[in-house]
Amino acid sequence: MAALPLNFSIEQGTARSTMKFVQIPAPDFDLAMTLKSGQVFHWEKIDNGFCGTIGDRAVHVEQVGKVIKVRGGETPQPARETRALRNIIADYFALDHPLSEICASFPNDPTMNAARDFCRGLRIIRQPKWECLATFICSSVKQVAHIRQISRALRKRFGDARKIDHYTVYTFPSPAQLAKSSEKELRECALGYRAPNLLATARLVHSRAADLDALAALPDVDLREKLCELPGVGAKVANCVMLFAYERLRAFPIDVWIERVLKEKYFRRRRKVTGQRLRAFSETYFGKHGGYAQQYLFHHARMNKTHAYGGRRAVGRQQEGHESACPSR
DNA sequence: CTCCAGGGATGAT
DNA sequence: ATCATCCATGGA
């Protein structure tokens with residue numbers, strides 16, 4: 001349901017092919033930042049842009065200044081296709097999110113301000129529900145680089161091939177495609193102990209015992225509860241799926257990075273901080289777009305590891321935690 | 001080699 | 001409720 005940017009245009013691709021491409025104005029948007037921020041794992045850097053899939057469609061996306069240029073794969077019906085393509089792009093990259101308003105709603109403190117400044121143009125995209133859920137089931141105790149590897153393996157083995165510019169990408173396998181696989185096959189994609197969880201959830205979704213689309217009607221608390229009923233899904237993964245696939249922009253996933261940020265920057269003075277307290281704090285302090293704030297904090301922290309964050313060995317950062325942000329109780 | 005990674009499920013305090 | 005432990009794999 002994205003409001004479409006006006007003034008889109010269609011031009012003839014000259015450099016790589018005769019394939020038409022669509023130009024879409026995208027102010028307040030940083031494509032590379034968005035795709036590298038750890039919310040989505042399958043986009044690959046090709047030339048000056050990125051290749052990937054949106055749903056079952058292969059696309060190449062490139063940003064030139066305040067415009068993004070998009071080429072699709074095979075185009076049986078060019079006119080209809082370009083119209084659909086620009087809708088899909090604008091919706092996927094959430095170009096209708098009022099980013100300046102969202103950023104203005106963040107709390108005003110040194111940590112948040114630094115992250116806001118660093119992540120300018122980062123948008124929370126609208127991912128397909130199943131793809132997002134399945135990928136984050138595979139994400140537990142895995143580095144981003146390895147999640148990307150798992151995603152690639154699953155796609156190549158169980159998904160459908162799509163060509164874009166003589167380059168092949170793969171759709172994310174449907175619940176049906178994964179439901180009929182085996183735990184052994186999944187383990188061969190390096191899933192390890194996550195394999196039975198992904199398989200069980202795929203079968204629940206495929207059998208419609210779990211209806212991911214129907215869950216969209218539920219309020220946050222109920223949605224989180226239903227997602228947590230799925231094998232391999234706990235509070236953290238549920239919050240990621242809520243944020244990245246259900247557009248619940250308040251959902252605040254707390255992983256090891258965010259936990260460090262909260263403890264080191266917002267609870268510096270406190271000896272022991274329970275998960276309960278971190279949850280309560282994050283749900284209120286960061287406001288109604290807390291999920292956005294969380295993603296900015298996550299990406300900023302990760303891009304600056306070894307510097308500000310790094311556990312006990314991180315010497316040289318004697319920076320005062322601003323306790324004013326910390327609840328006095 | 002060791003340490004750690006966008007955690008979850010289970011069982012014991 | 002909080003904590004401890006195990007789970008499987010690969011990057012740094």
Please list every stem that involves DNA chain C, where a stem is a run of 3 or more consecutive Watson-Crick or G-U wobble pairs with both pairing distances under 3.5 Å.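 If one scans DNA chain C for consecutive Watson-Crick or G-U pairs, the stems found are B:2-5 with C:9-12, B:7-13 with C:1-7.
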Would you say C:dC3 has OP1 or OP2 under 4.0 Å from some side-chain N or O of A:Lys272?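 For C:dC3, OP1/OP2 do have a side-chain N/O of A:Lys272 under 4.0 Å.
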At less than 4.0 Å, is any side-chain N or O atom of A:Arg260 found next to OP1 or OP2 of B:dA5? Yes or no.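 Looking at the OP1 and OP2 atoms of B:dA5, one of them is under 4.0 Å from a side-chain N or O of A:Arg260.
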Which residue lies more 5' along DNA chain B, comparing A:Phe41 with A:Val233 via nearest heavy atoms: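 Nearest nucleotide further toward 5': that of A:Phe41.
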Starting at the 5' end of DNA chain B and moving along, which residue's nearest nucleotide shows up first, A:Leu230 or A:Gln39?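 First, find each residue's nearest nucleotide; the 5'-ward one identifies A:Gln39.
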To the nearest 0.5 angstrom, please state how far the CD1 atom of A:Ile125 sits from the CZ atom of A:Phe244.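 Nearest 0.5 Å value for the CD1-CZ distance: 8.5 Å.
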Spacing of the P atoms in B:dC4 and C:dA4 (rounded, Å):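 Here C:dA4 and B:dC4 have their P atoms 16 Å from each other.
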C:dC3 versus B:dG6 - spacing of their P atoms, nearest Å: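 Going atom to atom, P in each nucleotide, I get 23 Å.
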Between A:Leu278 and A:Phe267, is any pair of side-chain heavy atoms under 4.5 Å apart?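 Side chain of A:Leu278 against side chain of A:Phe267, heavy atoms only: contact under 4.5 Å found.
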Are any non-hydrogen side-chain atoms of A:Gln127 and A:Gln39 less than 4.5 angstrom apart?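 Result yes, sub-4.5 Å side-chain heavy-atom pair found.
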Encode nucleotides 6-12 of chain C as B, S and - characters from 5' to 3', where the letter depends on protein heavy atoms closer than 4.0 Å: B to the base, S only to sugar-phosphate, - to neither. -BBBBS-
Have [X] and [Y] got a donor and an acceptor in their side chains that come within less than 3.5 Å?
{"X": "A:Ser151", "Y": "A:Arg155", "answer": "yes"}
{"X": "A:Arg116", "Y": "A:Asn113", "answer": "yes"}
{"X": "A:Asp47", "Y": "A:Tyr167", "answer": "no"}
{"X": "A:His97", "Y": "A:Tyr292", "answer": "yes"}
{"X": "A:Arg279", "Y": "A:Gln276", "answer": "yes"}
{"X": "A:Tyr193", "Y": "A:Ser140", "answer": "yes"}

Nearest whole Å is fine: how far is [N] [atom2] from [X] [atom1]?
{"X": "A:Leu122", "N": "B:dG6", "atom1": "CG", "atom2": "P", "result": "16 Å"}
{"X": "A:Leu227", "N": "B:dA9", "atom1": "CG", "atom2": "P", "result": "12 Å"}
{"X": "A:Ile137", "N": "B:dA9", "atom1": "CD1", "atom2": "C1'", "result": "14 Å"}
{"X": "A:Lys36", "N": "B:dG6", "atom1": "NZ", "atom2": "C1'", "result": "18 Å"}
{"X": "A:Asp255", "N": "B:dA5", "atom1": "CG", "atom2": "P", "result": "9 Å"}
{"X": "A:Arg224", "N": "B:dG7", "atom1": "CZ", "atom2": "P", "result": "17 Å"}
{"X": "A:Leu278", "N": "C:dA1", "atom1": "CG", "atom2": "C1'", "result": "14 Å"}

Salt-bridge test for A:Glu81 and A:Arg57: reply yes if a basic N is under 4.0 Å from a carboxylate O, no otherwise.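 A:Arg57 and A:Glu81: salt-bridged.
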Kindly determine whether A:Phe136 and A:Phe41 satisfy ring-ring contact (aromatic ring centres under 6.0 Å, His included), including the steps that lead there. CA-CA 10 Å; A:Phe136 275 97; A:Phe41 302 93; 5.4 Å; yes
For DNA chain C, find the residues of residues 235-250 of chain A with a heavy-atom distance under 4.0 Å and give them by number; none if there aren't any.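 Residues of residues 235-250 of chain A under 4.0 Å from DNA chain C: none.
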When all nucleic acid strands are considered with a 4.0 Å heavy-atom cut-off, which category describes [X]: base, sugar-phosphate, or nothing?
{"X": "A:Glu259", "result": "nothing"}
{"X": "A:Gly232", "result": "sugar-phosphate"}
{"X": "A:Ile258", "result": "base"}

Ring-on-base stacking B:dG6 with A:Phe298 (under 5.5 Å, under 30°):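 Check passed, A:Phe298 stacks on base of B:dG6.
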When the ring planes of A:His299 and A:Phe118 are compared, do they come out parallel, tilted or perpendicular, using 30° and 60° as the limits?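 The rings of A:His299 and A:Phe118 sit tilted, inter-plane angle from 30° to 60°.
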